[in-house]
Amino acid sequence: RDYGGGFLVTGGPDSYKLGMYEDTAIETVLPVSMEIEGSYEVPSVSMVMAIDHSGSMSSMMGDVSGMTGGVNSLDLAKNAAVGAVENLRAEDYVGVLAFDDTYTWLQTLTRVGDQKEDITSRILSLAIGGGTSIYPALEESFKVVKDSSLTCLMVTHNMQSALDFGNRTLMMDAGRILLDIAGEERT
């Protein structure tokens, strides 16, 4: 005050409470609250999953945490899809497309409501199929995704097709993201 000094604080979406400024010296000198106020509304989720169940998904993966006796790629894909459905709320939407050399909708895009058990049962009943033809399944998924402004999650081990047709590549191991590349960076 006597020497013309001042203190300026600016922030973005990751500052203040999210930047862990709460209960710090900065909070005590600022004339603002670090608390996030207002109502919290979580928007509904809409998801379409395209699951590869071609013959090559029968390749064994060895022992996987929580699954005994060795599992194949399809088992892992089904468990991932079931996990996604189990985390949806009644007001969310889900569609499940299975593909090998053809495709079929296990569940057309619908509100989850009280259908979780039925949807997961359909996913778990998926068996190893024939050859792999990703493009028709992607084309079908794209129709629904485009009309509804959604995102499609493809579960496959065919990396080349995923690279050719997807716009984001996510590779995980033991629940950790090892690779996450989107857009122009993929080429």
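No hydrogens, no waters, no symmetry mates; every other heavy atom, side chains included, goes into these values.
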What is the distance from atom [atom1] of [X] to atom [atom2] of [Y], rounded to the nearest 0.5 Å?
X: Leu88; Y: Arg111; atom1: CG; atom2: CZ; result: 12.0 Å
X: Ser54; Y: Ile128; atom1: OG; atom2: CD1; result: 7.5 Å
X: Lys78; Y: Ser73; atom1: NZ; atom2: OG; result: 12.0 Å
X: Asp100; Y: Ile51; atom1: CG; atom2: CD1; result: 12.5 Å

[X] vs [Y] side-chain heavy atoms within contact, under 4.5 Å:
X: Trp105; Y: Val144; answer: yes
X: Asp101; Y: Thr132; answer: no
X: Leu109; Y: Val94; answer: no

**Report entry** Counterpart residues, side-chain contact (heavy atoms from CB on, under 4.5 Å), relative to Ala98 (two or more places apart)
**Finding:** His53, Thr104, Leu106, Leu126
Requested in this report: Would you name the heavy atoms of Ala84 and Met47 that are closest together and state the gap between them?
Outcome: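 Nearest pair, atom of Ala84 first, then Met47: CB-CE, 4.0 Å.
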Query - Trace of the side chain to side chain contact (heavy atoms under 4.5 Å, CB included) decision for Met49 with Leu97 - result: CA-CA 6 Å; Met49 293 181 279; Leu97 181 84; over 6 Å; no
Requested in this report: Walk me through it: do Phe99 and Glu140 pass the test side chain to side chain contact (heavy atoms under 4.5 Å, CB included)?
Outcome: CA-CA 11 Å; Phe99 69 93; Glu140 177 68 12; over 6 Å; no
Requested in this report: Have a look at Asp118 and tell me which of Gln115, Arg122, Lys116 forms a side chain to side chain donor-acceptor pair (under 3.5 Å) with it.
Outcome: Arg122
